[in-house]
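Working notes, structure below.
Since the structure is predicted, the reported quantities are computational estimates derived from the model, not experimental observations.
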Amino acid sequence: MKVKGWRNIKLLGATSFLTDVSSEIMHSVLPFFIVSLGGGGLIVGVIGGLGDVISNIFKVISGYISDKIRRCKSIVALGYFISSLSKLLLSFSTSWLHVMVIRPVERIGKGIRTAPRDALIAASIDESQRGRAFGLHRALDTAGAILGVILAIALLKFLGEAYNQILLIAGIIAFTALIPLAFVEEAKVEKRRMRETARIPLRTWIVIIVMTIFAVGNFTYMLFLLRGESFFTGEMRLIGPIVLYLIFNILYTVTAYPAGALADKIGKHWATVMGYILYGVSCLGLAMKINLVAGIAMFILYGASYGFFDGVQRALISDLSPPEARGTVLGVFHSLTGFGTLAGSIIAGLMWETMGWNWTFMFGAVLALTSALTLAVVTVKG
């Protein structure tokens with residue numbers, strides 16, 4: 001099981017790597033593509049928000065179905081196929097209305113695959129190695145994001161505003177992600193005593209609630225980039241924030257696997273607490289009037305925090321979930337934290353506009369550090 005399990009993790013990681021390459025290419029040009037088709041800022045916001053809401057709903061549905069049929073791979077494959085096809089179809093859009101229909105469908109694909117994929121990772125590996133497994137998967141996923149941003153910059157340089165062509169390339173790359181997925185082996189959940197519903201421990205729900213509270217403070221990265229813009233002047237105001245975004249992704253990638261390995265040794269609760277603290281400190285620093293060097297340091301902490309909590313959270317929820325209901329619980333976790341981040345982004349944005357950027361980051365710091373303390377208490381009492 002261990003050999004096959006790690007083979008599954010690597011293959012799923014390769015699928016996520018290629019998918020994120022295509023996704024970051026798409027994300028980099030999509031707002032400009034919508035504007036070129038006649039859509040304005042409001043349309044861009046509606047298309048983005050609508051897709052995220054629909055995606056969060058489907059995470060619960062697909063997780064529940066995977067538990068019922070005790071099969072994950074077929075649902076994961078369906079999700080990736082829908083996303084790949086949608087990206088390809090986006091390149092043929094001639095109106096922002098086309099994008100408004102196709103983009104949410106692409107997000108549906110993401111919603112369908114997320115919980116069953118995490119359940120498949122968890123079922124493929126022993127509990128003692130899940131931190132490393134999820135850490136490796138997140139590292140490969142984020143490495144794809146780094147390459148995607150770099151390719152997007154290169155494509156924009158050579159193709160200019162030929163957004164249809166760039167999206168076509170993104171769609172083709174997305175389909176290559178299905179190749180390693182074809183070699184993934186199904187990890188079946190063994191039948192236990194027949195029960196209509198699995199009993200999910202109260203402690204599991206408490207942990208999910210704490211993670212949701214943290215998610216509210218974990219608002220959109222775009223506000224971090226806006227803060228990063230203030231560290232630069234002249235032409236660097238355009239390039240500088242992108243460099244900071246690359247720093248974030250690089251730190252996320254290089255810390256994800258070591259953090260997962262550490263989680264397997266000291267406990268996934270404590271690694272998650274460390275991630276929350278790192279995020280809280282980065283927000284606290286960005287809430288202050290600091291110079292460029294300190295700003296870079298805060299973005300390093302920001303990236304490292306994701307390496308500690310993002311994959312480890314999934315491993316922790318997998319450990320706390322009954323095997324026969326793991327997909328459902330992971331779906332609920334992804335949905336609640338997704339809605340939490342969406343709500344937090346709206347609150348943070350309003351605070352930025354009405355109170356100032358420093359209050360936005362104080363908001364993130366308070367919720368992150370409060371969540372860290374609460375999770376630590378739950379861990380000790382557990």
Taking atom [atom1] of [X] and atom [atom2] of [Y], what is their separation to the nearest 0.5 Å?
{"X": "Ser124", "Y": "His137", "atom1": "OG", "atom2": "NE2", "result": "11.0 Å"}
{"X": "Thr374", "Y": "Ile209", "atom1": "OG1", "atom2": "CD1", "result": "11.0 Å"}
{"X": "Lys59", "Y": "Ile112", "atom1": "NZ", "atom2": "CD1", "result": "12.0 Å"}
{"X": "Asp310", "Y": "Asn218", "atom1": "CG", "atom2": "CG", "result": "8.5 Å"}
{"X": "Glu24", "Y": "Thr142", "atom1": "CD", "atom2": "OG1", "result": "9.5 Å"}
{"X": "Ile277", "Y": "Ser282", "atom1": "CD1", "atom2": "OG", "result": "12.0 Å"}

(request) Using the side chain to side chain contact (heavy atoms under 4.5 Å, CB included) rule, take Ile75 and Arg113 through it: C-alpha gap first, then chi angles, then the decisive distance, then the call. (result) CA-CA 6 Å; Ile75 300 176; Arg113 71 179 183 251; over 6 Å; no
Side-chain touch [X]/[Y], heavy atoms, less than 4.5 angstrom:
{"X": "Leu37", "Y": "Ser95", "value": "no"}
{"X": "Leu330", "Y": "Ser318", "value": "yes"}
{"X": "His334", "Y": "Gln313", "value": "no"}
{"X": "Met211", "Y": "Ile317", "value": "yes"}
{"X": "Leu373", "Y": "Tyr276", "value": "no"}
{"X": "Val329", "Y": "Ile208", "value": "yes"}
{"X": "Met274", "Y": "Leu262", "value": "yes"}
{"X": "Trp96", "Y": "Arg103", "value": "no"}

(request) Go through Phe361 and Phe219 one step at a time and tell me if the ring pair (Phe, Tyr, Trp, His ring centres under 6.0 Å) criterion holds. (result) CA-CA 9 Å; Phe361 289 99; Phe219 43 79; 5.6 Å; yes
Side-chain donor or acceptor of [X] paired with backbone N/O of [Y] under 3.5 Å:
{"X": "Ser230", "Y": "Leu226", "result": "no"}
{"X": "Ser83", "Y": "Glu106", "result": "yes"}
{"X": "Thr114", "Y": "Gly111", "result": "no"}
{"X": "Ser335", "Y": "Asn56", "result": "yes"}
{"X": "Thr360", "Y": "Ala348", "result": "yes"}
{"X": "Arg132", "Y": "Tyr257", "result": "no"}

(request) Might you work through the side chain to side chain contact (heavy atoms under 4.5 Å, CB included) test for Leu320 and Arg203, ending with a clear yes or no? (result) CA-CA 8 Å; Leu320 295 175; Arg203 185 164 177 249; 3.8 Å; yes
(message) Whether the Asp141 and Tyr252 side chains hold a donor-acceptor pair (N or O, under 3.5 Å, no angle test) is what I'd like checked.
(response) no
(request) Check the side chains of Lys87 and Ser23 for a donor-acceptor pair under 3.5 angstrom, ignoring hydrogens and angles. (result)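 Their side chains do contain a donor-acceptor pair, which is all the 3.5 Å distance test asks for.
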(message) In this structure, would Ile346 and Ile57 fall into the same cluster of hydrophobic residues linked by side-chain contacts under 4.5 Å?
(response) no
(request) Test Ser16 against Tyr80 for side-chain hydrogen bond (donor to acceptor under 3.5 Å, both in side chains), laying out the working first. (result) CA-CA 9 Å; Ser16 289; Tyr80 276 111; 3.3 Å; yes
(request) Would you confirm whether the ring centroid of Tyr279 sits within less than 6.0 angstrom of the ring centroid of Phe214? (result)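 So the answer is yes for these two rings.
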(message) In this structure, is the centre-to-centre distance between the rings of Phe224 and Phe248 below 6.0 Å?
(response) no
(request) Evaluate the side chain to side chain contact (heavy atoms under 4.5 Å, CB included) criterion for residues Phe33 and Ser36: first the C-alpha distance (whole Å), next the side-chain angles of each, then the deciding distance (0.1 Å), finally the verdict. (result) CA-CA 5 Å; Phe33 182 52; Ser36 73; 3.8 Å; yes
(request) Decide, yes or no, whether a salt bridge links Glu185 with Arg7 under the criterion of side-chain N to carboxylate O below 4.0 Å. (result)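 Judged by the 4.0 Å cut-off on N to carboxylate O distance, Glu185 and Arg7 do form a salt bridge.
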(request) Decide, yes or no, whether a salt bridge links Asp264 with Arg130 under the criterion of side-chain N to carboxylate O below 4.0 Å. (result)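 Judged by the 4.0 Å cut-off on N to carboxylate O distance, Asp264 and Arg130 do not form a salt bridge.
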(message) Checking side chain to side chain contact (heavy atoms under 4.5 Å, CB included) between Val29 and each of Leu159, Ile34, Ile166, which is the one that passes?
(response) Ile166
(request) Taking atom CZ of Phe81 as the centre, report whether more than 12 heavy atoms of other residues, nucleotides or ligands fall under 6.0 Å from it. (result)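 12 or below, so no.
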(message) Run Trp6 and Leu136 through side chain to side chain contact (heavy atoms under 4.5 Å, CB included) and show every step you take.
(response) CA-CA 10 Å; Trp6 279 108; Leu136 177 62; 4.0 Å; yes
(request) Answer yes or no for Arg314 and Phe134: cation-pi contact, defined as NZ/CZ to six-membered ring centre under 6.0 Å and angle to ring axis within 45°. (result) no
